[in-house]
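On a predicted model such as this, the values are computed, not experimentally measured, just so you know. Basis for what follows: all heavy atoms, side chains included, without hydrogens, waters or symmetry-related copies. In what follows, every chain begins at residue 1, and chains take the letters A, B, ... in the order their sequences are listed.
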Number of protein chains: 2
Amino acid sequence: MTATSATTSPKETRRRRKNDPESVRADILAVATREFSEKGLSGARIDEIAEKTRASKRMIYYYFSDKETLYLHTLEAAYQKVRLQEAELDLDHLAPLDALCRLVRFTFCHHAKNPDFIRLVMIENIHHGRFLAQSELIQSLNAGVIDVLGDVYLRGVATGCFREGLDPRELHWLISALSFFNVSNQHTFARIFDWQQAAPENQQKLEDHVTDMVLRYVRVDRVAP
Amino acid sequence: MTATSATTSPKETRRRRKNDPESVRADILAVATREFSEKGLSGARIDEIAEKTRASKRMIYYYFSDKETLYLHTLEAAYQKVRLQEAELDLDHLAPLDALCRLVRFTFCHHAKNPDFIRLVMIENIHHGRFLAQSELIQSLNAGVIDVLGDVYLRGVATGCFREGLDPRELHWLISALSFFNVSNQHTFARIFDWQQAAPENQQKLEDHVTDMVLRYVRVDRVAP
DNA sequence: TGCACAATGTACGAAATGGTACGTTCAGTC
DNA sequence: GACTGAACGTACCATTTCGTACATTGTGCA
């Protein structure tokens, strides 16, 4: 991602340019991501983003028109990054049960490791998803997610280890809910119930429980004796 | 809650006062709840709250010192309201399985019917729960919630319908997660997956699935044939 | 009835904040 | 090397926004 640091790229070494628009843009976006995810759309300050950038406030408006557009780009970049990581997951060669298990654990861990993304989605929901609605990019990015899960599920039904009649979209909803909540509500939950939810051992426990829960929900009912 | 409407109370009818601090306070708090839950702490405007109140901005500062204190009171009032409704739930006379079922459905529906509360909790999490941490009131309010669930669970284990080894706190976490996510992420989820999640029939489906999921998680494993 | 204090209205101040005008420098092209 | 447009810096403006000073009215009580 930081390819414009003028070290190996022939194009870059030749040019030796002082102006580096790509990197300036990326830098602004990175700072904006931190600021927006930390303080929200209304809480984040353009001046503060400008300060933390190696560019100036002028540059923010030069590349991103206004605050809301910058926020939208931040949101899009975040979704893009997530879906890119998801794409690396290769479930086709795994048995359905293992595949589902892996998908759940991946989602759980991924969310836990990317609180910035989670917070941005929370913030976007506070805004009723009105920016997400403007972005065709995000809509298209997410199209495939359900298909992957749906494929695993259908294979599982075919092999007889998953019960029939479930909707992949609802299944994805369940997995998302548990993984998302783990990050989104960590602060209030931990404080109210005086529980070190973020501690590694508790995170491990939760990951196991979540995986267990999804599997128990999907697996075929075992016949009573 | 709206006891100061000067209709039946003898004290009120006698006095016929023009100054009505209690009701002004309550009015401010009600408006503030709407504004904060809609726009967040930084997004909400004191001037706008003042406009929508039948009192003036001066009164807001008179009763609530500053913006953050007003927000804190809003949060406390919201939690209080919720816990009050929860307290009405009487699970002791129900069989463990029925009790758990009812608890899950209640939580799910309650959250769905109180998006303002959910949004406030989301916002509070964006702020890392730092206001909730200041409030001894909220801490104390939530103490009993786990106990109720824990009681049902233990009864279920005793009767042999629930499996052993589960932590009531983690069980509560699961129920909360699913019920909370249903409201908190409705906008982004519905838009991304082009799903009318808020539609009554889908809400009913989700409620059933969530209940089903929790029960499947808690019930004893049925023996294989 | 008048006093003390709570409750309320009006107007204003100071700082923060989104956004812009205007000028300057850089880099590729003829 | 002059020209052009992209890339960038500085200073500034208009508005918003939290909060307050000050004056006024209502209310219970001696």
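Distance, I60(A) CD1 to dT20(C) P: 13 Å, rounded to whole Å. In this structure, Y61(A) atom OH and dC13(D) atom C1' are separated by 13 Å, rounded to whole Å. Per the geometry, NZ belonging to K67(A) stands 15 Å off P belonging to dT16(D), to the nearest Å. Atom CG in D66(B) sits about 17 Å away from atom P in dT17(D), given to the nearest Å. One atom, CD of E22(B), and another, C1' of dA7(C), lie 13 Å apart when rounded to the nearest Å. Look at CD on E35(A): it is 11 Å from P on dG18(C), rounded to the nearest Å. The nearest whole Å value for the distance from the CZ atom in F64(A) to the P atom in dT20(C) is 16 Å. Look at CZ on R58(B): it is 9 Å from C1' on dA7(C), rounded to the nearest Å.
Residues K57(B) and V24(B) both approach DNA chain C. Their nearest nucleotides, taken by heavy-atom distance, put V24(B) toward the 5′ side. Residue order along DNA chain C, read from the 5' end via each residue's closest nucleotide, puts M59(B) first among S65(A) and M59(B).
Of the residues in residues 38-54 of chain B, those placing a heavy atom less than 4.0 Å from an atom of DNA chain D are A44(B), R45(B), I46(B), D47(B), in numerical order.
At least one side-chain heavy atom of Q203(B) sits less than 4.5 Å from a side-chain heavy atom of Q186(B). In this structure, R54(B) and V24(B) have side chains that are in contact, with non-hydrogen atoms separated by less than 4.5 Å.
Of the candidate nucleotides dA7(D), dG18(C), dT8(C), dT8(C) has the atom lying nearest to any side-chain atom of Y62(B). For P21(A), taking side-chain heavy atoms from C-beta onward, the closest of the listed nucleotides dA7(C), dC22(D), dC8(D) is dC8(D).
Every residue two or more places apart in sequence or in another chain that forms a side-chain contact (heavy atoms from CB on, under 4.5 Å) with A50(A) is listed here: K57(A), I60(A).
If you check the side chains of Q197(A) and N182(A), you find a donor sitting under 3.5 Å from an acceptor.
W173(B) has its ring centre no less than 6.0 Å from the ring centre of F193(A).
Within the structure, a side-chain polar atom (N or O) of S56(B) is placed less than 4.0 Å from OP1 or OP2 of dG9(C).
Residue Y63(B) is classed as a sugar-phosphate contact, given heavy-atom separations below 4.0 Å to backbone atoms only.
Here the side chain of D27(B) pairs no donor or acceptor atom with the backbone of T53(B) at under 3.5 angstrom.
Applying the ring pair (Phe, Tyr, Trp, His ring centres under 6.0 Å) test to residues at least two apart or on different chains, the pairs with a partner in residues 104-124 of chain B are Y79(B)-F117(B), F106(B)-H110(B).
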